[in-house]
Amino acid sequence: MTMLLAVRDLTTTFETADGVARAVDGVSFDLAEGETLALVGESGSGKTVTALSILRLIPEPAGRIAPGSRIEFAGRDLLSLSPRELREVRGAEIAMIFQEPMTSLNPVLTVGTQIAETVLAHEAASKREARERALDMLRLVGIADAESRLKSYPHELSGGMRQRVMIAIALVCRPRILIADEPTTALDVTIQAQILDLLTDLKRRLGMAMILITHNLGIAAGIADRVAVMYGGRIVEVAPTVDLYREPAHPYTDGLLRAAPRLDGPDRPTPSIPGSVPPATDWPSGCRFHPRCQYAWERCQSEPPLLEAGPARTARCWLVDEPARRKP
Amino acid sequence: MVRYVMGRLAQGVVVVFVVVTLTFILIHAAPGDPLTSLANEPNVRPEVVEQMRRNLGLDRPLHVQYVRYLGRMLRGDLGVSLTQHRSVAAAIRDAIPNTILLALAALLIDFGIGVSAGAFQGAHPRSRRDRTLTAVTITLYSIPVFWLGMVLLFLFGEQLYWFPVAGVTDPVTYPFRSGLGKVADRLHHLVLPALTLGLAGAGYTARQQRAAMIEAIGQDFVRTARAKGLRERLVVGRHALRNALLPTIALAGLAFPALLSGTVLVETVFSWPGLGRLAADAIGRRDYPIVTGAALVAAVLVVLGNLAADVATRIADPRTKPAS
Amino acid sequence: MSRLRLGITLVSLLAIVAIIAPLIAPYDPTVQLDLATLRNAAPSFAHPLGTDLYSRDLLSRLLYGARISLLIGLLAVAISVSVGTSVGLVAGFSGGVIDIVLMRIVDAGLAIPKIFILLVVLALWEDVTVAVLIGILGFTGWFGVSRIARAEVLSAREREYVAAARALGAGPIRLIARHILPNIAAPIIVAATLGVGQVILVEAGLSYLGVGVPPPQPSWGNIIRDGQDLIRTAPWISTTAGLAIVLTVVAFSILGDGVRELLDPRER
Amino acid sequence: MSDPTLLRVENLVKHFSVDRGMFRRPATLRAVDGVSIAVGRGETVGLVGESGSGKSTLGRCIVRLIEPDSGRIIFDGIDVLGLRGRALRAFRRRIQIVFQDPYGSLNPRMRIGPAVREPIEIHRLAPRAAADERVAQLLQEVGLDPSYARRYPHELSGGQRQRVGIARALAAEPELLVLDEPVSALDVSVQAQVLHLLRSLQERRGLTYLFIAHDLAVVRQMAARVVVMYLGKIVEEAPARAIYTDPRHPYTSSLLSAVPRPDPTAPGRRIVLTGDPPSPVTRPSGCVFHPRCPHPLKDDRCRTEVPALRKVGGSQTACHYAAEMDGIGV
């Protein structure tokens, strides 16, 4: 398996009124050709900032990717590309869709224009050809009456259709990686199911790799090959999906899984994790989860590295070293 | 769209009606009546004033006066000037094309400078050039327009002789010029007053445009445009600026009253025979029908200006059209 | 934050100058010192800014002018902000016919360009004193504020915390006083700060037209008017007064921007 | 003994008129279109639906933040819609609402203490001197340190703010709480904390809950009975057990099957509804669900005839073919 994308020691900081926020702090992961990796975490875990950092979409100068970070895509370091080279990657090689289809589309341009301009930016196509491509894409993402929808403005579409248009924009140049940042969070559950089905289907047909960012463990379970769990700006556990859900290695993953509401669960509230995610300006020392962890002991005052926790899986927890402590 | 324009026109008529009513109330709420100052003149006999009061209907009960007033307004009869021997309508008819010309030219300069400066600043917020431009726009926003006019007049008119210092045309040579030459002469006279009025407005426009641009650039769809790999020129020019122009177009309607206020002062400085100067001269002579007439006409101009801005916004913003 | 500090500093300096004008002004601003020898005198040691056509000391007039300009600006804005906020609150809160009627009046008030309204009112007024001028500027200047206040009330009304308070049983007075007013204050305070500068500009314009502050009282607009015809021979007369106005309005603009930054969390 | 039913909503209708410009007749948005529900004392009824279903409008009608057009709301024998003035204010104390967005529902310029004290002041529930003591108790009851009284909402985390929202509602000493998506804005780990809190408060204070949510999995943890709404109408109402194991309405089944499961080995058989929910302005004829309905027996009757709620199995269901639903359940 060849690695398409390799993120190494990615650190992204923001200047805030309360000091420097280390939103992403030393994150490393790989993405293989054709693979779907889910980045799972709660708000403030750094998952969206990670995604934005890959395409260098962090709003500067408040946000900044720290020196020493590396993002290698097909052998090139994205962080050292010139603006022009970066543009050639964005939208053509790596594309992105966002959480809010309402605000992520330009309200004063037609759907057709917004899809076609991606083609025009990357390929030597005529306007007419670009329009044809846009039309094909609208059909591909399952929009009925595509011909007339080309001339529609975003406000004339429903939330689900807008997200389909976003997907059409992202995929029109056949990127090798699609980054989907909470693509269904703003949608109703029946529409969410449609969009997830569409993404799975398109991924298979177009043979691309995908990074799916979600806070919903259910969505990750249904779509990902591997799952990386983030907490406090760090990846705390990476594992193949089935293994992770069957036997979470990190107490945070375990807690999240237990807290997730289930249709087939008991008819009383699920166990919760005490406390809340600390602000990114003030991470706890040592293991970032230890103030909320039921197993925490002295060793957790120093931060564990990502430890080998089984075949193809790692976890940032000393319990991997001392499994006996897991018993209450 | 036709329906929309008709609807907005109807609203405009309501506004004008309220303006007419308000001016009536103002005239009658002020201490004394329009002839008080005349009556105070030592060489005017009281009988004459009484006779004028009767002629003007000022001795009638208020509601009768109001109905008659409304009726006159409806017929376009704005009364007779107390100092010029002609109707207010005739005086305004002569003045208004000059004011419209001046206002439109100033609007062009105002938005031309304001939008480009503001858009540039918004695209590079907190840069050195942004700070410099901010200092300039705050100053422009704070300059008394008549003083700016005096300074420009002094520099470019009286010292450098680049531009004429007064009027709309050259009183000596104009009648002998060719068609194109006449246009050139008018434009030559227009430059300084329009520049004065336009510069004063550009400060405010630039500040608005800067804020709108910063807001637009922070929107999610600009991030989408970047993620697509568009050139920065397209990201800023097509995606951000297009959206940032919408509030500015709407602002043009609001800028109109300020612009007309400015004409009163600028026309006085440059002896520009427009509506504003007419009103300013009339107030010195206590010629109240001219002043109220000019105010009413100015209000109508504002209503029409607002309508134009609304229609422009509607054309520019697809969201205002009903979904198909 | 630095912008706020700069604004406060400038406005305080102006305010101090205005307050202590009688102490620092070398002459009485209205006294014609010597019509024979001191007309349009150039700046000198005795008269740092020279004298005007009537041999009055220009520096003294400028200092006293600050007093009058600031007084008019602050008091007129105080009037228009109180009237405008009240009208906006009433319109936004009651809705229905009251709202419609009030807003049509506001539309009309905004449709007549400000100087034209003032000219209509002043045309009918005998003896315009400074107090009358303040009243007229204040009572014709509230239309814009009431629009802002109403819009803020309408948006505050849609906020969930207002719904929450209503569900708790809070009456209209409590809703306005505790939940709506504190949350709409920011844009009104900003508008008021910027408004002071604008009123000073309008007053200068009226005085320039000869219908503002009655002579011989000094006002910056009057000084410019006096200096207009002397711009070739005694340019310092209108120049100094013009710069004084610019400086003052700039100070209030900077202060307004600073206040906006302070009060608007998005700007932080 | 008092009536076991605390709240009864009968045939409630709320239409909004949607402005479509000056010369077009405003459209009618039927947010709530003839809804009847009953909530027993101490019970939790879950009200489920997607956006546009009318569930929030219904909740707001019940606390009288929105005036319904017709229908009746009977609370503890009182006709709520007839209340005015003082009586209305007294009634407001007895039903409180907790909103979805714990940030938006707290006044950003009011400290936590005064916010929680406000209902006590309005309804004079404690002498002035004792009010602060009461606030401290309430904060403790919802799991917050009393020192939080001096903080502003923006200094709190989402979960803490929602606790404040609950404390504030409790300060009025209500009998019924309308919980309008109380945990959907919260992170999963915190969601569970708030649900636990709500559960324990209910047990301690004998509260009655109307729990409005879009997430069936969350509702399952709270409600004994579930009402499913679609486009302003109730399509199914049943005890929780029946809804989750034997749904009778095709919309309920598709809703259930659309919920993503945190289990990669779960059988991936899902009913994915096609199309978008129609807008409540242009509602379909007959059964409002028919354009998206996956039911194999869907026919002309569904397109023309409005199905009434009727008892099928353990449910009240508004579907002509509810009896033939076997095999579509989860």
Side-chain angles (χ1 to χ4, degrees), chain A residues 51-52 54-59 61-62 83-111 113-123 148-149 151-158 165-166 169-170 172-173 175 178-179 181, chain B residues 1 115 119 121-131 209 212-251 310-324:
Chain A
L52 291 174
I54 294 173
L55 280 181
R56 286 168 57 186
L57 289 169
I58 298 296
R84 184 203 165 91
E85 290 167 325
L86 182 66
R87 270 205 319 266
E88 285 165 4
V89 172
R90 286 175 174 174
E93 307 267 7
I94 305 178
M96 189 159 179
I97 58 177
F98 302 96
Q99 176 171 352
E100 291 288 344
M102 178 77 211
T103 54
S104 296
L105 290 170
N106 191 326
V108 303
L109 299 177
T110 62
V111 163
T113 307
Q114 297 191 58
I115 305 174
E117 71 178 358
T118 314
V119 180
L120 293 170
H122 294 292
E123 294 168 26
S148 72
R149 282 302 175 196
K151 295 192 235 32
S152 293
Y153 288 95
H155 74 276
E156 296 167 327
L157 307 178
S158 68
V165 169
M166 277 301 292
I169 291 173
V172 67
C173 288
L178 174 68
I179 303 173
D181 183 6
Chain B
M1 186 53 106
V115 167
Q121 288 182 276
H124 309 89
R126 286 163 213 277
S127 66
R128 177 176 292 233
R129 277 184 286 185
D130 173 36
R131 283 171 216 272
Q209 185 64 47
M213 195 69 183
I214 288 176
E215 167 124 19
I217 282 186
Q219 299 280 318
D220 287 351
F221 58 77
V222 170
R223 188 177 60 187
T224 306
R226 291 212 171 100
K228 283 176 181 177
L230 298 191
R231 285 163 198 284
E232 197 60 17
R233 198 163 44 81
L234 274 183
V235 172
V236 173
R238 184 190 284 167
H239 286 269
L241 185 57
R242 261 200 194 203
N243 281 277
L245 278 177
L246 296 177
T248 308
I249 298 173
L251 181 79
D310 280 2
V311 170
T313 311
R314 231 175 136 77
I315 290 169
D317 188 350
R319 280 166 297 185
T320 54
K321 296 189 191 85
S324 50

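Keep in mind the model is a prediction, meaning the values are calculated, not measured. Each chain gets a letter, A, B and so on, in the order its sequence line appears, and its residues count up from 1.
Heavy-atom pairs under 4.5 Å with chain B were tallied for A:Leu109, A:Leu157, A:Leu55, A:Ile179; the largest tally goes to A:Leu109. Here A:Pro107 is the residue among A:Ala95, A:Ser148, A:Pro107 with the most heavy-atom pairs under 4.5 Å with chain B.
Listed by first and then second residue, the side chain to side chain donor-acceptor pair (under 3.5 Å) pairs involving residues 238-250 of chain B are A:Asn106-B:His239, A:Asn106-B:Asn243, A:Glu117-B:Arg238, A:Glu117-B:His239, B:Gln209-B:Thr248 (not counting sequence neighbours).
Annotation for B:Ala216 and B:Ala240: closest pair CB-O, 3.6 Å, computed over non-hydrogen atoms. The heavy-atom pair separating A:Cys173 from A:Val119 by the smallest distance is SG-CA, 4.0 Å.
The contact between A:Leu52 and chain B is made entirely by side chain atoms (from C-beta outward), counting heavy-atom distances below 4.5 Å. At a 4.5 Å heavy-atom cutoff, A:Met102 makes no contact with chain B through either its backbone or its side chain. Heavy atoms of B:Leu234 lying under 4.5 Å from chain A are absent altogether. Only the backbone of A:Leu105 has a heavy atom closer than 4.5 Å to any heavy atom of chain B. At a 4.5 Å heavy-atom cutoff, the contact between A:Gln114 and chain B is made by backbone and side-chain atoms alike.
At a cut-off of 3.5 Å, with distance as the only test, no side-chain donor of A:Asp181 or A:Gln99 sits close to an acceptor on the other residue.
Listed for the A:His122 side chain is a donor-acceptor partner under 3.5 Å among the backbone atoms of A:Arg90.
Checked against side chain to side chain contact (heavy atoms under 4.5 Å, CB included), B:Pro247 has the following partners two or more places apart in sequence or in another chain: B:Ala212.
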